[in-house]
Amino acid sequence: MDEKKLKALREKYGNIGGDVVFNPTFKAVVDKLFKDDGSRTLPYGGIPTFMGLKHREDFTDLDIAVVGVPMDLGVTNRNGARFGPRAIRTMERIGPYNHALNIVPEAVCKIADVGDVPFRSRFKLEQCIEDIEVHFRRIIESDVRPLGIGGDHSISYPILKAIAAKHGPVAMVHIDAHCDTSGEYDGSKFHHGGPFRLAVLEGLIDPDRTIQIGIRGSAEFLWELSYEAGMTVIHAEEFAEMGVATVIEKARAVVGDGPVYVTFDVDGLDPAFAPGTGTPEVGGLTPREAQALLRGLAGLNVVGGDLVEVAPQYDATTNTVQVGAQMAFEILCLMALRFEIVGE
Ligand code: MN
Ligand code: MN
């Protein structure tokens with residue numbers, strides 16, 4: 001090594017603590033992680049919140065609120081996604097910096113974990129759907145963008161009701177093994193196989209500006225509304241043929257410039273990576289593909305999003321919780337990036 005270079009490095013880095021960094025973006029990360037005395041918060045201690053964010057009851061002055069929705073009365077088979085929010089909050093090594101998008105969300109806007117939707121009863125699906133809408137309306141009416149952590153996928157319908165009340169029919173990027181556009185059965189239309197049929201029929205999402213990615217499994221015969229309404233459907237095998245860059249290009253072309261909602265069902269990922277979910281389907285996306293896809297949406301006007309269907313009791317390794325929390329973080333970064341770009 002060049003002697004002069006080595007001397008300069010020794011002078012600059014030889015006698016400083018780990019909390020001293022010179023790159024301003026890295027400094028924003030360090031300032032989040034280190035306390036004034038140079039120590040770091042224990043990642044395994046304290047009361048867990050998503051990403052270690054501050055917990056706040058009052059969301060009125062926030063830019064983005066992370067909201068737990070521990071409700072799984074809409075599942076068609078294996079339950080357990082009600083435990084998703086609590087499990088995801090225990091994950092560490094999520095954020096605060098996204099090197100690919102070069103953003104520390106907490107450094108560009110005000111974000112907090114605002115706890116869970118208050119439910120009046122644990123027994124009534126229809127009533128829970130109302131409770132979710134009421135709570136998300138309050139958040140959105142305060143000009144706060146919500147990131148929901150489910151819960152099963154039935155929660156997206158009431159969230160979209162609240163989103164559309166403010167923004168009108170939105171575009172949507174939907175990652176899932178299932179289109180979730182099926183109809184009523186067993187006396188309910190609110191189950192997790194049907195939120196986007198309701199959203200289309202009620203004018204909450206614009207099907208022409210909606211793309212559904214990762215679709216596969218044995219339920220294709222239930223998704224005819226997606227095709228008839230004009231939603232763009234990318235099956236898992238098509239994803240593999242197209243490659244992630246082409247899928248990103250397609251997604252951006254479909255959703256356009258308007259407000260967009262991003263909904264991520266963890267079963268869109270292959271069960272090799274995300275077994276902890278109620279309706280796993282073989283042949284899905286890898287976490288790296290999904291991450292690249294989400295990062296490829298940078299710059300879109302993401303007005304809200306959700307991460308759903310993490311059911312920790314089928315997740316012996318905690319991989320599903322880890323990858324679910326990471327995908328939620330990627331969506332959070334997209335939402336925060338917009339504040340940096342537009343300066344809202
Ligand atoms: Mn789903
Ligand atoms: Mn699914």
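In this chain, residues are counted from 1 in sequence order. Indexing begins at 1, ligand by ligand and atom by atom, following the structure's order.
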Taking the ring of [Y] and the ring of [X], is the distance between their centroids below 6.0 Å?
X      : Y      : value
Phe83  : Tyr314 : no
Phe26  : Tyr97  : yes
Phe196 : His153 : yes

**Message:** For N/O/S atoms only: which one belongs to His178 and is nearest the Mn ion (ligand 2)?
**Reply:**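 Within His178, restricted to N, O or S, the Mn ion (ligand 2) is closest to atom ND1.
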**Request:** Name whichever N, O or S atom of Asp176 ends up nearest to the Mn ion (ligand 2).
**Result:**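 Answer by atom name: OD1.
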**Request:** Restricting to N/O/S, name the atom of Asp180 that gets closest to the Mn ion (ligand 1).
**Result:**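 In Asp180, the heteroatom (N, O or S) nearest the Mn ion (ligand 1) is OD2.
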**Prompt:** Okay, side chain of Arg10, backbone of Asn15: is any donor-acceptor separation there less than 3.5 Å?
**Reply:**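 Checking the backbone N and O of Asn15 against the side chain of Arg10, no donor-acceptor pair under 3.5 Å is found.
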**Message:** With rounding to 10 degrees, what does the angle His153:ND1 / the Mn ion (ligand 1) / Asp265:OD2 come to?
**Reply:**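 That angle works out to 100° after rounding to 10°.
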